[in-house]
Amino acid sequence: MRPRRGPGGGGTERDTSMTGVVRTRIAPSPTGDPHVGTAYVALFNYAWAKKNGGQFVLRIEDTDRERSNAASERMIFDSLRWLGLEWDEGPDVGGPHGPYRQSERSELYRQHAELLVERGGAYPCFCTRERLDALREEQRAAKASVMGYDRHCRALSPAEAARRRAAGEPHVIRLAMPTEGATVVRDLLRGELSFDNTLIDDQVLMKSDGFPTYHLANVVDDRLMGITHVIRAEEWISSLPKHARLYEAFGWEEPVFCHLPLLRNADKSKISKRKNPVSLNYYRRAGYLPEAMLNYLALMGWAISADRDEFTLDEFIGAFTLDSITLGGPVFDLEKLTWMNGKYMRKLAVPELLARLRATVLSDEYLLRVLPLAHERVDKLEDFVEYARFFFVGEVGYDAEARDKLVAKKRTPADTAAALARLLEEALDPLLEWNAANLEQVLRAFAEAQAWKPGDLFMPLRIAVTGKAATPPLFETMEVLGREVCRRRLRAAVELLRSLPAPTA
RNA sequence: GGCCCUGUCGUCUAACGGUUAGGACACCGGUCUUUCAAGCCGGCAGCAGGGGUUCGACUCCCCUCAGGGCCGCCA
């Protein structure tokens, strides 16, 4: 059976099902820092493509206009390249199935959504946000077993719906799920997964801003880009039936689905920045070697043999098979990663070690940023290393004076800890561009909002991020230290403050 | 709460009906060494529980329990 043509009859659709070529993709959303989970999934996709002589595609899923940003996209490119997971097709390298940025493919999604509406596989929904919020609230309050959209607008006649659309009424397009029976989808690792259709709500496909949701964009793009194996994280399993329904509604053959286990915190919850460093920038700054990182990640759910855990990327590709992945959610163990990194470090010849240092912590680029801040504050060259120590180490300790001033003036350790924790979460984490001007702005605003004198807040902050009471200007210093280092040290400071006894008087 | 996924040492994993259940991290000893690491040697530690199937179950089936994910006009 031949797959049906897509809408418009344009030449964009390619059928690779008969060619036997393996095509995989990593499809990160450019919101925030490049995530270790992205690297994990990318590695397995990369390996599978390479093993089969196929292509590995990078697609940017930036359909969330609120949160997507260019800085984040750049960091994704940098991080994946740092790891050596080069893509064959992507936004920056091009390729025959572009564009590879979803925000540049709007017309494609619109066409496909329209096609579905014509066929009755999707329908316009005019429900307001208020109504949906109220509905959700109601369901929550009633402890309803089935949550989700109540299909209110599905009852509208096509003519009525078309009239209201023509009148310019704001709306979304929703997928019309079957209202009975079950959807069965095959996962390569888990076999047949069955979902009761009555329990699946009518997912939004096109948002009212004209952008698609993940569900539509992902299915359309995987199809048009000829992706043969959708290897992604387990968290997507629950939306699998919606995706399967989309393939069916379009008349397309499904790709192979393979859901990888989720990386976990020590308490087994989905890995998160509150409990683990999750930014690839962190690992790069801390001086983990990319080859060690890849090796360690490959160990999450896979083993090359019973008594070996060190191997190269090429060896991984050679021995890897998708069906040999283990399903238990692996705890991401920094300690073992660090051990493995040590192994790789020791294997390096000294000139190579020097090269690595010169490329990272001791790069001219970095030194050129640190030097201006230390310049006028040292009198002899030999004082430099001592003075600028905190620019080069991981964790910092506090001397007596610093420890003393880590607790804000006229505040308790607990209050200071709470303030720094909030500061991190509410001011620093959401900050898009990490630079001195922005830092000053959000930090001053935060102090004001918390009714703290700026100075009272900035000293504990200074000590937390540098370990010292006397440093170069705080905001410039934080800019150079970078988000990762500041976040890590702030967390350590908060922990220390929490362990400090409350003042007796 | 509903649906779905998962379940071997504390952690990452090997085993694919027959093994004293193997390796690695961590931890604890020993060894080497001017010190500290690294290295080497050794030790501690596990099949979630209960039913089946089978001559025989970590391996297959069922139930229970436990953990996790999802339930957004986020991905």
Side-chain angles (χ1 to χ4, degrees), chain A residues 27-32 35 37-38 60-68 102 125-129 132-133 135-136 139-149 170-174 182-183 185 187 189-191 193-218 232-242 259-271 295-310 323-340 342-343 345-347:
Chain A
S29 182
T31 56
H35 201 274
T38 301
I60 294 294
E61 308 229 328
D62 57 350
T63 55
D64 183 340
R65 294 195 302 173
E66 298 280 291
R67 297 195 300 163
S68 297
Q102 290 185 330
C125 167
F126 304 90
C127 290
T128 61
R129 222 172 269 266
L132 296 175
D133 288 346
L135 179 66
R136 223 180 333 264
Q139 289 170 338
R140 212 178 295 277
K143 295 195 158 116
S145 55
V146 282
M147 308 279 280
Y149 184 57
H171 64 280
V172 301
I173 303 292
R174 282 183 188 272
T183 299
V185 200
D187 175 272
L189 295 169
R190 297 153 226 264
L193 269 23
S194 178
F195 304 86
D196 183 344
N197 287 335
T198 59
L199 267 20
I200 302 163
D201 75 340
D202 289 353
Q203 186 50 244
V204 170
L205 261 22
M206 292 292 286
K207 309 179 220 177
S208 54
D209 65 2
F211 277 70
T213 57
Y214 169 86
H215 307 280
L216 207 223
N218 158 265
R232 77 234 290 194
E234 188 180 8
E235 55 191 331
W236 292 110
I237 288 181
S238 53
S239 40
L240 236 196
K242 296 169 181 175
H259 292 87
L260 263 25
L262 245 23
L263 260 24
R264 313 287 186 98
N265 296 313
D267 65 3
K268 298 280 190 180
S269 57
K270 175 162 97 166
I271 196 167
N295 192 161
Y296 179 72
L297 251 17
L299 255 25
M300 304 277 88
W302 191 77
I304 196 162
S305 69
D307 55 4
R308 181 150 88 110
D309 47 22
E310 288 168 58
D323 60 10
S324 57
I325 293 167
T326 302
L327 258 19
V331 171
F332 188 87
D333 183 3
L334 244 184
E335 209 157 10
K336 185 159 181 179
L337 200 215
T338 302
W339 162 80
M340 177 152 279
K343 286 287 240 188
M345 293 257 299
R346 275 170 234 121
K347 270 197 297 210

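Order of the sequence lines fixes the chain letters, A, B, ..., with proteins taken first and strands second; residue numbering starts at 1 for each chain. The basis for the numbers below is simple: all heavy atoms, side chains too, and nothing from hydrogens, waters or symmetry mates.
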Whether the side chain of A:Asp187 engages the backbone of A:Leu193 through a donor-acceptor N/O pair (distance < 3.5 Å, no angle test) should be reported.
no

Nucleotide opposite B:U20 in a Watson-Crick or G-U pair, distances under 3.5 Å
none

For a quick check, with a 4.0 angstrom heavy-atom cut-off, what is the B/S/- contact string for nucleotides 26-46 of chain B, read 5' to 3'?
S-----------SS-------

Who is the Watson-Crick or G-U wobble partner of B:G39, with both distances under 3.5 Å?
B:U31

Residues forming a side-chain hydrogen bond (donor to acceptor under 3.5 Å, both in side chains) with A:Asn265, sequence neighbours excluded:
A:Ser269, A:Ser272, A:Asn276

State which of B:A75, B:A14, B:C73 makes the closest approach to the side chain of A:Val172.
B:C73

Would you mind pulling out the nucleotide paired to B:U6, Watson-Crick or G-U wobble, both distances under 3.5 Å?
B:A66

Are any protein N/O atoms closer than 3.5 Å to N/O atoms in nucleotides 1-8 of chain B? If there are, list each pair with its distance.
unit_1 : atom_1 : unit_2   : atom_2 : d
B:G2   : O4'    : A:Ser145 : O      : 3.4
B:C5   : O2'    : A:Arg190 : NH1    : 2.6
B:C5   : O2'    : A:Glu234 : OE2    : 2.8

Sequence neighbours excluded, the answer for ring pair (Phe, Tyr, Trp, His ring centres under 6.0 Å) partners of A:His35 is none

Sequence neighbours left out, what passes ring pair (Phe, Tyr, Trp, His ring centres under 6.0 Å) with A:Phe195? Give chain and number order.
none

For A:Phe211, the ring pair (Phe, Tyr, Trp, His ring centres under 6.0 Å) test, sequence neighbours excluded, returns none

With both distances kept under 3.5 Å, what pairs with B:A14, Watson-Crick or G-U wobble?
none

Less than 4.0 angstrom between a side-chain N/O of A:Thr31 and OP1 or OP2 of B:C74, yes or no?
no

Nucleotide nearest A:Lys270 when distance is taken to its side chain, options B:C70, B:U13, B:C73
B:C70

B:G69, OP1 or OP2 - any side-chain N/O from A:Arg232 closer than 4.0 Å?
no

Of the nucleotides B:G67, B:C73, B:G23, which one has an atom closest to the side chain of A:Lys268?
B:G67

Mind checking if A:Gly342 touches a base, just sugar-phosphate, or nothing, with heavy atoms under 4.0 Å?
nothing

